[in-house]
Amino acid sequence: MSFTTDQRFKALEALIQAAKNQQDAQTASYLCRLACVQICGNLERCIELLIMERFDKRIPPQVEEFLSRYFKRGVNYDCEQLCALLYRFDKEWGRVLDDFIKNNQQIKESINGCYGLRNIIAHGGAANLGYAMLQQYFEAS
């Protein structure tokens, strides 16, 4: 079963709210780190869903299979990677996103920061992440 992008963001928002409401500091910290990883995963999956949705039912099965395999390998989609991916599909898609990011540096910094922190967490590094920063990452995604 595949969730829609709206459903994915609502589930993620519930996790972030649980982190905010957690009374135990250590548990709250774990939830914030989990949510950071989930924000990145959610962004990656939503990109896949939006691209597939854009092609609607017109996509040949071979292309759909290729895209499915491509997205399963997991890529750190910082802003540059996102633009490069969209440029591969359509130069106009890439240009529109590139322009948007250039005009919204806070979003770029937040997404890139979230991925940087996610990599630290994923590789066993110590990472401190509070609710305010987590919320900023979520909103940027």
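Linking ILVMFWY side-chain heavy atoms closer than 4.5 Å, directly or via other members, places I120 and L43 in two distinct hydrophobic clusters. Connection of L50 to L86 is not established within any shared hydrophobic cluster, with ILVMFWY side chains joined at heavy-atom distances below 4.5 Å, either directly or through further cluster members. By the criterion of side-chain heavy atoms lying less than 4.5 angstrom apart, applied directly or through intervening Ile, Leu, Val, Met, Phe, Trp or Tyr residues, M133 is grouped together with L34 in one hydrophobic cluster. Linking ILVMFWY side-chain heavy atoms closer than 4.5 Å, directly or via other members, places I111 and V37 in two distinct hydrophobic clusters. In the hydrophobic clustering of ILVMFWY residues, with side-chain heavy atoms under 4.5 Å counting as a link, V96 and I51 come out apart.
A distance of 12.0 Å separates CZ of R88 from SG of C83, quoted to the nearest 0.5 Å. Distance CG/L49 to CD/E44: 12.0 Å, rounded to 0.5 Å. We find the CD-OH distance between E109 and Y137 to be 10.0 Å, quoted to the nearest 0.5 Å. Considering CZ of R33 and CG of L117, their distance stands at 9.0 Å, rounded to 0.5 Å. Note that CD of Q17 is 12.0 Å distant from CG of L12, once rounded to the nearest 0.5 Å. In this structure, CG in L15 is found 10.5 Å from CG in N42, a value given to the nearest 0.5 Å.
Between the side chains of Q135 and E139, at least one donor-acceptor pair of N or O atoms lies under 3.5 Å. With hydrogens and angles left out, the side-chain atoms of S110 and Q136 include a donor and acceptor closer than 3.5 Å.
D24 places a side-chain N or O within donor-acceptor distance of the main-chain N or O of T27, the cut-off being under 3.5 Å. Of the possible polar contacts, one joining the Q7 side chain to the T4 backbone as a donor-acceptor pair under 3.5 Å is found. Side-chain atoms of Y115 come within 3.5 Å of backbone N or O of C40 as a donor-acceptor pair. Not one N or O on the side chain of D98 forms a donor-acceptor pair closer than 3.5 Å with the backbone of G94. Of the possible donor and acceptor atoms, one in the side chain of D78 sits under 3.5 Å from a partner among the backbone N and O of E80. Without hydrogens or angle criteria, S29 side chain to A25 main chain gives no donor-acceptor distance under 3.5 Å. Distance alone, capped at 3.5 Å, is enough to place a donor-acceptor pair between the N112 side chain and the C79 backbone. In this structure, the side chain of N104 engages the main chain of F100 through a donor-acceptor pair within 3.5 Å.
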* Derivation and outcome, side-chain contact (heavy atoms from CB on, under 4.5 Å), residues S141 and F9 -> CA-CA 9 Å; S141 74; F9 275 98; 3.6 Å; yes
* **Evaluation steps, salt bridge (charged side-chain N to carboxylate O under 4.0 Å, His left out), between R95 and E92** => CA-CA 5 Å; R95 189 195 59 73; E92 182 64 14; 2.4 Å; yes
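A salt bridge links E48 to R45: one of the charged nitrogens lies within less than 4.0 Å of a carboxylate oxygen.
For I107 against A140, the heavy-atom pair with the smallest separation is CG2-O, 3.9 Å. Residues Q22 and A28 share a closest heavy-atom pair of CG-N, 3.4 Å. Of all non-hydrogen atoms in Q26 and Y30, the two that sit nearest each other are NE2-OH, 2.8 Å.
Just one of L134, L31, N21 meets the side-chain contact (heavy atoms from CB on, under 4.5 Å) condition when paired with I16; it is L134.
Heavy atoms of other residues, nucleotides or ligands lying less than 6.0 angstrom from CG of N103 number more than 12.
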